[in-house]
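Lettering follows sequence order; numbering is per chain, from 1.
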There are 2 protein chains.
Amino acid sequence: MTATSDPAERLALVLAEGGLQRMTARVLAALLFTEQETMTAGEIAEALTISSGSVSTALKSLTGIGLIERVPAPGSRREHFRIREGAWATLMSNQNAVVTVMRDAAEQGIAATGPDSPAGRRLAEMRDFYDYLWREMPALIERWRADRAGSR
Amino acid sequence: MTATSDPAERLALVLAEGGLQRMTARVLAALLFTEQETMTAGEIAEALTISSGSVSTALKSLTGIGLIERVPAPGSRREHFRIREGAWATLMSNQNAVVTVMRDAAEQGIAATGPDSPAGRRLAEMRDFYDYLWREMPALIERWRADRAGSR
DNA sequence: TTGCATCTTCAGAAATCTCTGAAGGTTCGA
DNA sequence: TCGAACCTTCAGAGATTTCTGAAGATGCAA
């Protein structure tokens, strides 16, 4: 286990634990910690010493999730990328997809076992909890967005 | 990709995506969907057709996280297990550890880059968001616990 | 204390995932 | 239209993770 002292690499490690591919996490961290406004794929590959293929895959993935965006770069043939405004809220919202899946899984389980069996009761507790989150989480994030927009 | 129609297996898949080991997820799902009040390690191994070693590891892990508990079993030599009350809230709370780490990572990044650089500004947005979650999430879960306790 | 049923640990086999590198595509300027 | 710079895709090597099975530990009954 390489003990990384570089803050960017350390963050990448955490993001990787959280489910991102390792290289994808490193690319995101690089974009977060760079002193430039944007980076090109080539710059990222060089900075991290990884193959252009890996960078390409990572950028595709991050763009898909909505964490970064392609920036039109006048006068250059290269694609420029940067982290999007509100990326972290987006990341959180995506993770909330899990909440939906959990709730639905519980619901289907209840449908399959009936509500009055031991399994049904356990599943109902699960369903109620995720249903609660499903109702409350969007509001929580919305409040963040509103607060931030207001105070800027 | 095996298309599982069994609700338990499908849930296990989701839990696995969420970071649990595959066998650990399957064991949790088995305990959730069983019609018995509790299950022994042997029963789980048989139900899932996996080695006793895997079951043992999974149970150890789930117990450690606080999702299941060992139930004293009078008149039996075997250990009995069941899902704990409030397991889902516990799972959620654990995942919030990530929030702390993210906030701290951002904080350290700012300390390293200074707050007035492009990187510093990006990191500040990140820090503010996770700090917000760090303040709000525990309250959200606490409210759930209170509501549930009240309505029962 | 002995024997039995059960659980735990762990080394290594097997499955899985990840990254690279090279070939091919795309876009832009001239 | 051509060439150069850059990006994307993908097969396969290599690294990593995961599961099993067997040996050993544990706890209970008699």
Side-chain angles (χ1 to χ4, degrees), chain A residues 1-4 9 12-31 34 36 38-65 68-82, chain B residues 1-4 9 12-31 34 36 38-65 68-82:
Chain A
M1 211 51 38
T2 324
T4 347
E9 286 298 330
L13 231 53
V14 176
L15 289 166
E17 304 254 312
L20 289 182
Q21 303 290 34
R22 189 140 143 277
M23 289 300 137
T24 303
R26 292 185 70 202
V27 167
L28 184 59
L31 283 168
T34 181
Q36 305 171 209
T38 64
M39 286 181 96
T40 66
E43 287 169 345
I44 295 169
E46 190 180 11
L48 300 176
T49 339
I50 63 180
S51 75
S52 63
S54 294
V55 174
S56 179
T57 306
L59 290 174
K60 186 180 172 186
S61 162
L62 290 171
T63 306
I65 304 173
I68 68 175
E69 62 192 351
R70 209 169 285 256
V71 180
S76 163
R77 201 165 314 164
R78 307 180 183 188
E79 305 271 19
H80 287 240
F81 293 88
R82 72 169 167 222
Chain B
M1 207 59 29
T2 325
T4 347
E9 286 298 330
L13 230 54
V14 176
L15 289 166
E17 305 254 311
L20 288 183
Q21 303 290 35
R22 204 146 85 77
M23 288 302 139
T24 304
R26 292 185 70 201
V27 168
L28 184 58
L31 282 168
T34 180
Q36 305 171 212
T38 62
M39 287 181 97
T40 66
E43 288 170 343
I44 295 170
E46 191 181 8
L48 300 177
T49 338
I50 62 181
S51 75
S52 63
S54 294
V55 174
S56 179
T57 306
L59 289 174
K60 186 180 174 188
S61 162
L62 290 171
T63 305
I65 305 172
I68 68 174
E69 62 192 348
R70 209 169 286 256
V71 180
S76 164
R77 202 164 314 164
R78 308 180 184 186
E79 307 271 21
H80 287 240
F81 293 87
R82 73 168 167 224

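Closest to the side chain of Arg70(A), from the set dT8(C), dT18(C), dT8(D), is dT8(D). Checking dT8(D), dC7(D), dT8(C) against the side-chain heavy atoms of Thr40(A) singles out dC7(D) as nearest. You'll find that the side chain of Ser51(A) is closest to dG21(C), out of dG21(D), dG21(C), dT9(C). Of the candidates dA22(C), dT9(C), dC7(C), dC7(C) carries the atom nearest the Ala41(B) side chain, counting heavy atoms from C-beta on. Listed nucleotides: dC19(D), dT8(D), dT8(C). Nearest to the side chain of Ser54(B): dC19(D).
Between Met23(A) atom CE and dC10(D) atom C1' the separation is 18 Å, expressed in whole Å. One can place CZ of Arg22(A) at 10 Å from C1' of dC19(C), the figure rounded to the nearest angstrom. Following rounding to the nearest Å, Glu79(A) (CD) and dT26(C) (C1') show an atom-to-atom distance of 10 Å. Leu48(A) places its CG atom 10 Å from the P atom of dT20(C), with the value rounded to the nearest Å. In this structure, Ile44(A) atom CD1 and dT8(D) atom P are separated by 11 Å, rounded to whole Å. Here the C1' atom of nucleotide dC7(C) and the CE atom of Met39(B) are 16 Å apart, to the nearest Å. Rounding to whole angstrom units, CG of residue Leu20(B) and P of dT18(D) are separated by 11 Å. Rounded to an integer number of Å, the gap from CD of Glu46(B) to C1' of dC7(C) is 16 Å.
Between Ile50(A) and Phe81(B), it is Phe81(B) whose nearest contact on DNA chain C lies nearer the 5' terminus.
Side-chain nitrogen and oxygen atoms of Lys60(A) include at least one within less than 4.0 Å of the OP1 or OP2 phosphate oxygen of dT9(D).
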Stepwise side-chain contact (heavy atoms from CB on, under 4.5 Å) check, Leu48(A) with Glu9(A): CA-CA 10 Å; Leu48(A) 300 176; Glu9(A) 286 298 330; 4.1 Å; yes
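For the pair Ser61(A) (side chain) and Thr57(A) (backbone), a donor-acceptor distance under 3.5 Å is absent. Within the 3.5 Å criterion, the main-chain N or O of Met23(A) finds no donor-acceptor partner in the side chain of Gln21(A).
Interatomic distance, CG of Leu28(B) versus CD1 of Ile68(B), reported as 7.5 Å (0.5 Å rounding). Remark: Leu31(B) CG to His80(B) NE2 distance equals 12.0 Å, nearest 0.5 Å.
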